[in-house]
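Predicted, not measured: the structure shown is a model, and the values here were computed from it. Here is how names work: the chains are called A, B, and so on, in the same order as the sequence lines, proteins then strands, and each is numbered from 1.
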Amino acid sequence: MEKYDPQKIESKWQKEWEEKKLYKTTQDKSKPKYYCLDFFPYPSGASLSVGHCRNYVPTDVISRYKRMKGFNVLHPMGWDAFGLPAENDAIKKNIHPMDAISQNVANFKRQLRLIGTSYDWEREINSTDPSYYKWTQWLFLLLYKRGLAYQAVAQQWWCPSCKTVLANEQVEDGKCWRCSSEVTKKGLKQWFFKITAYADRLLFDLDKIDWPEKIKLMQRNWIGRSEGLIINFKIGSEIIPVFTTRPDTIFGATFLVLAPEHPLVKKIVSSQQKAEVLRYTEATKKKTEIDRLSEEREKTGVFTGSYCINLLNNKSIPIWVADYVLLTYGTGAIMAVPAHDERDFAFAKKFKLSIKEVIKPTKGYQSEFPAQVFTEKGKLINSGTFNGLTSEQASEKIAQTVEKNGWGHKKVQYKMRDWLISRQRYWGAPIPMIHCEKCGTVPVAEKDLPVLLPRLTDFEPSGSGRSPLSRYPAFVETACPACGGKAQRETDTQDGFACSSWYFLRFVSPHHENFAFEKQATKYWMPVDLYVGGAEHAVMHLLYARFYTKVMYDANLISFDEPFTKLKNQGMILASNGRKMSKSLGNVVTPDETVEKFGADALRMYELFIGPFEQEIAWNDKGIRGTRRFLDKYWNSIFDTDKSAGDSQDREIVSLKNKTVKKVGEDIEKFKFNTAVATLMEFLNKILGNKNNLSSKVKNDCRKTLTLMLAPIVPHITEEVWQRKYGDKSLKWSVLQQNWPSYNDKLIQNEVITLVVQINGKTRGTIAIEKNTEQDEAQKIILADNKFRKYFDRRKIKKIIFVPGRIINFLLL
RNA sequence: GGGCGGGUGGCGGAAUGGCAGACGCGCAAGACUUAAAAUCUUGUGAGAGCAAUCUCGUGAGGGUUCGAGUCCCUCUCCGCCCACCA
């Protein structure tokens, strides 16, 4: 008998599938559609690891499974090739990003083929193709025309190593998300997208999508919606508006705090305090974010020497400056209520400011004022006419009073800021805007898109705050689209996330020329039914893509406003020592070496079997032997010549077969791939264990069904088996074109079942009885059984708990 | 500090409130072999016993239940996310 030789059959079938275009996808209206998408990768490393395969193998299994279930499946792949990662990689290699990318793409693609993925490569896209970024630019103009793109000068996160500004989402712990350098702030004129205008919809629509709760929560926290009140405090003829979510505590406001960067600081500071305040604000400016964080929230601040009036009680309170108040949230100023806010409490204690209690705990709490801060809601005291009201009632009443008197207004506040989209880097889609001395900032005419990114040899960022493109007059100098006069192009490029915010739409009609996508095709394919990738994009890509989708929906370009119906995050694969796989540590395991040793099918199966899909897990070099052994056993079981045959185990195995079909299908749908594989292993073990006690009809049926169930998981070996053993000459030549096996619920139930016997709650054994045995009958059998008789000697039965088909529990006196 | 997960053999992990440890790795013994690898068979939570069996056992302690890895409370340890957002 021929041995299982993956090296021989795998490449053969990969070629065959490609030649016969098995995975070419068209709009087939006779079938339900299923759009199964991976996060498209950055081709910024030289090679994929087995960690990447944890994403691509399961989606491939789902795609194949859904095809066998009769769905028309769209399963495409493309490259997110603009942006910092690709450019940094190219600079490191000292080659042009375009060349680095085409090398990497070629290798990734080879690796994806090597592991037997079923992508429709005719739909491959690359975000750096002018035919692609033309539409990235078109969408920029769409946002601009809808009032959602604007330029503003502001203090922005600046990465001194990447030499560009960064979005808020791209700063982690005060460090650049790409290179981990400490970020600083820099004042520059930048382009923003007004994502805040969509904050509420981005928040509330989370309720209607099937995403991991963890990711939804992260988005909710990121958006950070809170309802509150803007209240003005008076200082001479000036007013200082503050934002609060606790209007009920306003009578407890014993001082006011401004952020050090607040524009009013200079105006209101008293002459005695001027020097000290200036020293403090200058010191704050020099601090990096890391410095601020490392101080462990020890409060710092200075008195301005000025006072303002709380309009609700006409009391005068001092104004301080402190860096625990952020300029960028609310109004950059707060009313401090030390009795009922932790931070204000700490500040008041440190600087010996007065603390006034205005909220009493309702029953259940003991007030520990003034030793401790009470931040919960309660009943008002020391609050004039509002005394006795609950926090909720008072908040509403006070808000009404404030609005009536024109002292302020209700306000919904978000933590999320607008999306900073400009990058002072070369490798991105140029922002399609033109600056004209006469006409101001003018969009590029749609007919002139794309604004091509020139191929430069010197594209290193200068650090001047201007993009390398600004050094190329041939790019910069142009004519104004409005007046025809001399004008300059915008030289900033778009954040790479702009490209990935709409790519899922390009796949439905990747070669369409007249528009970003064919509307008809989006109606058939969108939204994406299943989207799979790492959890690290929770608040970046996944938020931006939702935002773009809603903008396009509002512009009547598409008919859905959430792009990804169901989202799943795969767990990361770590090196065998539990550390991250990385090139610098030299512990990256590639699919290439693994396929060479064990075959692609064994790799695929192990990727699923290694552990729960969403869980981070360490690669085990030896574990994969198990799946390879399984495939050897499976192969041998198919081509083994039968020796003898009975039929004594037929009924049991048929039941098991039906059970297995049910369980494997359900597990795949629930992303429980590890137990799906375990179930298949168990099934084969059982067939092999009973092979001499099975009729050849049942044996053959089991093997054929097993082959079909294995087909999505290990497509090469099952294809070979199918062709050799079960294939006919029909049009459906491939095992992957067969129907997923069905099961019969009635056959799953065995006639004889195992009943667990417990005495006083302790398991003492099992008995095999007929399925529908009643309690009385079961009791009789057990009492007559030698095994159990001894437990009943000289003891009375007090009570019996009987769960049919499961358990019988005798409670004895 | 806040939020969300999670602690089960030597290891990865299974387990609608109903035989804890499926499946796999590893390990041990045996078969095959001159030998090794591969393969096959058997065993493999701890303790006691020749054995049938018995006792203990899912981070710690308590509770609910005929019955708890699973539900409730208290504690503890680990991981991730957010982190002065008024």
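- Salt bridge status for A/Lys350 with A/Glu298: present, with a side-chain N to carboxylate O gap under 4.0 Å.
- B/rC56 and B/rA20: their C1' atoms are spaced 13 Å apart (whole Å).
- Rounded to whole angstrom, the span from the CD1 atom of A/Ile624 across to the C1' atom of B/rC11 amounts to 17 Å.
- Of the candidates B/rA86, B/rG12, B/rU39, the closest approach to any side-chain atom of A/Arg629 belongs to B/rU39.
- Regarding contacts with the backbone of B/rG67, every side-chain N or O of A/Arg764 stays at 4.0 angstrom or more from both OP1 and OP2.
- With a glycosidic angle further than 90° from 0, B/rG61 counts as anti.
- A donor-acceptor contact shorter than 3.5 Å is absent between the side chain of A/His340 and the backbone of A/Thr375.
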Please test A/Ile767 against A/Phe788 for side-chain contact (heavy atoms from CB on, under 4.5 Å), starting from the C-alpha separation and ending with a verdict. CA-CA 10 Å; A/Ile767 53 163; A/Phe788 301 112; 3.5 Å; yes
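- When distances are taken from the side chain of A/Lys299 to each of B/rG12, B/rC56, B/rC84, the shortest belongs to B/rC84.
- Rounded to the nearest Å, the gap between the P atom of B/rG57 and that of B/rG9 is 14 Å.
- Rounded to whole angstrom, the span from the CD atom of A/Glu682 across to the C1' atom of B/rG13 amounts to 14 Å.
- Sequence order on RNA chain B of the closest nucleotides to A/Thr627 and A/Phe243 puts A/Thr627 first from the 5' end.
- Taking every side-chain heavy atom of A/Leu811 into account, B/rC66 is the closest of B/rU39, B/rG12, B/rC66.
- Contact check, A/Asn674 against B/rG24: no side-chain N or O comes under 4.0 Å of OP1 or OP2.
- The phosphate of B/rG24 has OP1 or OP2 within less than 4.0 Å of a side-chain N or O from A/Asn685.
- Residue contacts for A/Lys622: at a heavy-atom cut-off of 4.0 Å it reaches the sugar-phosphate backbone alone, with no base atom in range.
- Not one side-chain nitrogen or oxygen of A/Arg246 sits closer than 4.0 Å to the OP1 or OP2 atom of B/rA86.
- Checking A/Gln413 against A/Arg225 by side-chain atom types alone, no donor-acceptor pair falls below 3.5 Å.
- Ring-plane geometry between A/Phe347 and A/Tyr324 is classed as tilted, the angle between the planes lying from 30 to 60 degrees on a 0 to 90 degree scale.
- Between A/Arg625 atom CZ and B/rC23 atom P the separation is 20 Å, expressed in whole Å.
- The separation of B/rG45 from B/rU41, taken at their C1' atoms, amounts to 23 Å, rounded to a whole angstrom.
- Under 4.0 Å is where a charged nitrogen must lie from a carboxylate oxygen, and between A/Lys410 and A/Glu396 at least one such pair does.
- Nucleotide B/rG43 forms a Watson-Crick or G-U wobble pair with B/rC27, both donor-acceptor distances falling under 3.5 Å.
- One can place CD1 of A/Ile610 at 19 Å from P of B/rC23, the figure rounded to the nearest angstrom.
- When the P atom of B/rC84 is taken as reference, atom OH of A/Tyr329 falls 12 Å away, rounded to whole Å.
- Of all heavy-atom pairs spanning A/Gly534 and A/Gln570, the tightest one is N-OE1, 3.4 Å.
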Enumerate the protein-to-nucleotides 16-19 of chain B contacts in which both atoms are nitrogen or oxygen and the separation is below 3.5 Å.
from	atom 1	to	atom 2	distance (Å)
B/rU16	O4	A/Arg806	NE	2.3
B/rU16	O4	A/Arg806	NH2	2.3
B/rG18	N2	A/Gln758	OE1	3.2

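- The aromatic rings of A/Trp635 and A/Tyr4 sit tilted relative to each other, their planes meeting at an angle between 30° and 60°.
- Taking atom P in both B/rC82 and B/rU44, one finds a spacing of 47 Å when rounded to whole Å.
- Atom P of B/rC25 sits at a distance of 16 Å from the matching atom of B/rG43, rounded to the whole Å.
- Nearest heavy atom pair, residue A/Ile239 against residue A/Leu264, reads O-CD1, 3.8 Å.
- Of the candidates B/rG13, B/rC84, B/rA22, the closest approach to any side-chain atom of A/Ala678 belongs to B/rA22.
- In this structure, A/Phe630 atom CZ and B/rG24 atom C1' are separated by 12 Å, rounded to whole Å.
- Taking the six-membered ring for Trp, A/Phe810 and A/Phe792 have ring centres closer than 6.0 Å.
- When rounded to the nearest whole Å, the span between CG of A/Leu680 and C1' of B/rA22 equals 14 Å.
- Salt bridge annotation for A/Lys568-A/Glu614: present, with a cationic side-chain nitrogen under 4.0 angstrom from a carboxylate oxygen.
- The aromatic rings of A/Phe303 and A/Trp320 lie tilted to each other, with the angle between the two planes from 30° to 60°.
- If you take atom C1' in B/rG17 and the same atom in B/rG1, they sit 37 Å apart, rounded to whole Å.
- Residue contacts for A/Tyr791: at a heavy-atom cut-off of 4.0 Å it reaches the sugar-phosphate backbone alone, with no base atom in range.
- A heavy-atom distance below 4.0 Å to RNA chain B is reached by these residues of residues 209-225 of chain A, ordered by number: A/Leu217, A/Met218.
- B/rG1 is paired with B/rC82 under the Watson-Crick or G-U wobble criterion, all donor-acceptor distances under 3.5 Å.
- Taking the C1' atom of each, B/rG6 and B/rG13 are spaced 14 Å apart, rounded to whole Å.
- For the pair A/Phe683 CZ and B/rC23 C1', the computed distance is 16 Å after rounding to whole Å.
- Nearest nucleotide to the A/Lys633 side chain, out of B/rA86, B/rG13, B/rC40: B/rC40.
- Rounded to whole Å, the separation between the C1' atoms of B/rA68 and B/rU58 comes to 11 Å.
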